[in-house]
Protein chains: 2
Amino acid sequence: MARLNLPKKARQRELMERLKADPFLTDEELSDIFHVSIQTIRLDRLELGIPELRERIKNVAEGNYEKIRAIGGQEIVGELIEIELGKSGISILTPTEDMVFEKTKIVRGHYIYAQAESLAIAVIDAKVALIGVANIKYKTPIYLTDKLVAKAEVVRQRGNKYFVWVKTKVNHQEAFRGKFILVSMDDEQ
Amino acid sequence: MARLNLPKKARQRELMERLKADPFLTDEELSDIFHVSIQTIRLDRLELGIPELRERIKNVAEGNYEKIRAIGGQEIVGELIEIELGKSGISILTPTEDMVFEKTKIVRGHYIYAQAESLAIAVIDAKVALIGVANIKYKTPIYLTDKLVAKAEVVRQRGNKYFVWVKTKVNHQEAFRGKFILVSMDDEQ
DNA sequence: CTACCATTAGTATCAGGTATTAATATTAGA
DNA sequence: TCTAATATTAATACCTGATACTAATGGTAG
C-alpha cells in the first residue's frame, strides 16, 4: 500500500474518488493513506471545495432520509390520497432525481411498479398480503417532471385471493397498467 | 408553544418521540423546547440510552447508505456476477431487513422485480433501454434468509426491441419469472 | 425537619474540524 | 547558478457539540 510521491493533481483526483466511495474518512485517515500531513489534506479539500467530515455525513444522512421514505422500509411508495378498503384507492408519486435514468430522465420501471404494488397491497383489507402474479404493461415513458397518479380497483375476490387492477396515469393519459393477484396470509402459513 | 412544568417521565417520553421524528436536534434545541437546562437533557439522554447528535446523524447516514445502494440511484440492483452482452447474465441479491415485510419476513415484490428489471437492462448491449411490457409470475414467497439468483436470457431481437426472459431461483427452485420487452433508445426519441 | 430526588452550574476534556500566519522544501525558469 | 513560484508542513487560536465529573440548590414526601 505504499502510496508515496503522488504529485498534487493525482493526489487530489484520488482524494475525490476516495471520499466519493467512502465519505466517512477523516482528514487524519486520509493523511495516512497519502502519506502527507493533515494540513495538506485540508488544503486539498479547500481547493476542491469538499466539506469537512461532519458536513459530509450530514449530507449523506439528510439526502438519504427522503429517499428511504420513498422506497425503503415504508410500506407505501407514493402518497396515499384516497382509500376505500377492499374496493379502491389512489396514490400520487412525484419522481425525484434518483428515480430516473441519468441520461434520459425517464423514471425507472421499478418505481412505477413499486407504487402500483404497494397501492394494491394497501387497498386489500387484510393484515398481510403478497403478490402472486402481476401482468404489466408500460405504455409510454414517464419523465422526471411528470406526476404519477395510480388508481387501484379490486375487481374480484375469491377466498383469500384478491384481483386488483392498478392503472397509472400521467397527464390524464394511461402510462402503466398492472393486474395483481394478492394472497392474504392471515390464516395460511 | 409554552411547554413548562412537564414532569420528568412525560418529558422523557416526549424527548424520545421528538428525536425519533427528527434525529438532527441538538441538546441545546431540546433544552429550549422543554425549558430545562442542557444538563437535564443530557441526563435524560443518558438515562434513555440515546446517543449524541453526531452519533445519531452517523447512524442515519450509515443505515441508509446500504439501502440506497440496493435500490436507489444505482443502475443495478443486486450483484452482477456474470454477463455476456446481448445474450445472458446472472445477478445475485441478498435481501436485507428493509426489503421484507416486518411481520412475515417475506421479501417485497418490487425488490425482486427491480433485480430482474435491472439485470434485463444490463444484458442489453445498448446505451439506454426501457421496459415496454413485463409479464410476471411470482411462484413462491421469498424470505429474508434466501438468496436470489437471477438469470437473464435474450430470447429474441427485432429492430430496437429486445425480448428478455429473467428467471429468479431460490435454493435452486424457480421463485419468479418475468418477460421483459426492452426498447433501445439510441436512435429514436 | 430531614432525606431524597430532580435540576442546574461549572469545569476539564475530547474529536474533528476552520482560519490564519509563518517557516521550510522542492522545482522550474531565466 | 540563483531566484521566484509552488507545495508542504508547523503552530496557534478558536469553534461546536458533546462526555465526564463534582458540587450546589430547590422541592417535596414521609
Side-chain angles (χ1 to χ4, degrees), chain A residues 1-69, chain B residues 1-69 72-73:
Chain A
M1 272 276 164
R3 184 170 290 280
L4 295 140
N5 290 15
L6 262 184
K8 194 184 177 187
K9 292 229 167 171
R11 187 187 59 230
Q12 293 193 346
R13 256 198 309 277
E14 263 283 308
L15 190 93
M16 295 262 275
E17 273 173 43
R18 293 268 181 160
L19 284 180
K20 206 169 175 182
D22 181 4
F24 298 85
L25 291 166
T26 63
D27 288 356
E28 201 178 352
E29 287 169 323
L30 288 166
S31 87
D32 276 2
I33 290 171
F34 293 107
H35 294 102
V36 292
S37 72
I38 287 189
Q39 281 82 354
T40 302
I41 295 297
R42 289 181 180 160
L43 277 175
D44 285 346
R45 276 201 301 101
L46 197 73
E47 284 176 27
L48 297 167
I50 297 171
E52 62 168 293
L53 172 67
R54 282 155 183 164
E55 277 306 309
R56 294 196 303 267
I57 291 179
K58 213 161 125 190
N59 291 344
V60 173
E62 281 174 342
N64 293 172
Y65 213 55
E66 277 304 293
K67 294 179 195 171
I68 285 306
R69 251 170 229 291
Chain B
M1 272 275 163
R3 184 172 289 281
L4 295 142
N5 289 14
L6 262 184
K8 193 184 177 187
K9 292 229 168 173
R11 187 188 59 229
Q12 293 193 345
R13 255 198 309 278
E14 264 281 308
L15 190 94
M16 295 262 277
E17 273 173 44
R18 293 268 181 161
L19 284 181
K20 206 169 173 180
D22 182 4
F24 298 84
L25 290 167
T26 64
D27 287 355
E28 200 177 352
E29 286 168 326
L30 288 165
S31 88
D32 275 2
I33 290 171
F34 293 107
H35 294 105
V36 293
S37 71
I38 287 190
Q39 283 82 354
T40 303
I41 296 296
R42 289 180 182 161
L43 277 174
D44 285 345
R45 276 201 300 102
L46 199 72
E47 283 176 28
L48 297 168
I50 298 171
E52 62 169 296
L53 171 68
R54 282 155 184 165
E55 278 306 308
R56 295 195 302 268
I57 292 180
K58 213 163 125 189
N59 291 344
V60 174
E62 281 177 341
N64 295 170
Y65 209 57
E66 277 304 295
K67 295 178 196 171
I68 286 304
R69 245 171 233 291

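Both backbone and side-chain heavy atoms feed into the values below; hydrogens, waters and symmetry mates do not. The structure presented is a predicted model; accordingly, all values stated were derived computationally and were not measured. Throughout, protein chains are lettered first and strands after them, A, B, ... in sequence-line order, and every chain is numbered starting at 1.
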task: List the steps, then state whether side-chain contact (heavy atoms from CB on, under 4.5 Å) holds for A:Leu53 with A:Asp27.
output: CA-CA 8 Å; A:Leu53 172 67; A:Asp27 288 356; over 6 Å; no
Test log, rule side-chain contact (heavy atoms from CB on, under 4.5 Å), inputs A:Arg18 and A:Glu29: CA-CA 11 Å; A:Arg18 293 268 181 160; A:Glu29 287 169 323; over 6 Å; no
- prompt: Given the rule in the side-chain contact (heavy atoms from CB on, under 4.5 Å) test, do A:Glu52 and A:Arg42 qualify, once you have shown the distances and angles that lead to the verdict?
  reply: CA-CA 9 Å; A:Glu52 62 168 293; A:Arg42 289 181 180 160; over 6 Å; no
field: side-chain contact (heavy atoms from CB on, under 4.5 Å) between A:Gln12 and A:Lys9, intermediate numbers included
entry: CA-CA 5 Å; A:Gln12 293 193 346; A:Lys9 292 229 167 171; 5.9 Å; no
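Taking CG from A:Leu30 and CZ from A:Arg11, the interatomic distance works out to 11.0 Å, rounded to the nearest 0.5 Å.
Distance, A:Leu53 CG to C:dA15 P: 14 Å, rounded to whole Å. One atom, NE2 of B:His35, and another, P of C:dT8, lie 12 Å apart when rounded to the nearest Å. We find that CD of B:Glu55 is positioned 10 Å from P of C:dG16, with the value rounded to whole Å.
Looking at A:Arg54 and B:Ile57, their side chains never come closer than 4.5 Å, going by heavy atoms from C-beta outward.
In 5' to 3' order, the nucleotides of DNA chain D bounding all contacts with chain A (an atom under 4.0 Å from a heavy atom) are D:dA7 to D:dA11.
Near DNA chain D, meaning a heavy atom under 4.0 Å away, the residues from residues 38-48 of chain A are A:Gln39, A:Thr40, A:Leu43.
Two residues, B:Lys8 and A:Arg54, neighbour DNA chain C, and the one matched to the more 5' nucleotide by heavy-atom proximity is B:Lys8.
Put simply, B:Arg11 has no side-chain N or O that comes within less than 4.0 Å of OP1 or OP2 on C:dA6.
Salt-bridge formation is detected for the pair B:Glu47/B:Lys8: a Lys NZ or Arg NE/NH1/NH2 atom is positioned less than 4.0 Å from an Asp or Glu carboxylate oxygen.
Nearest heavy-atom pair across A:Ile41 and A:Phe34 is CD1-CD1, 4.1 Å.
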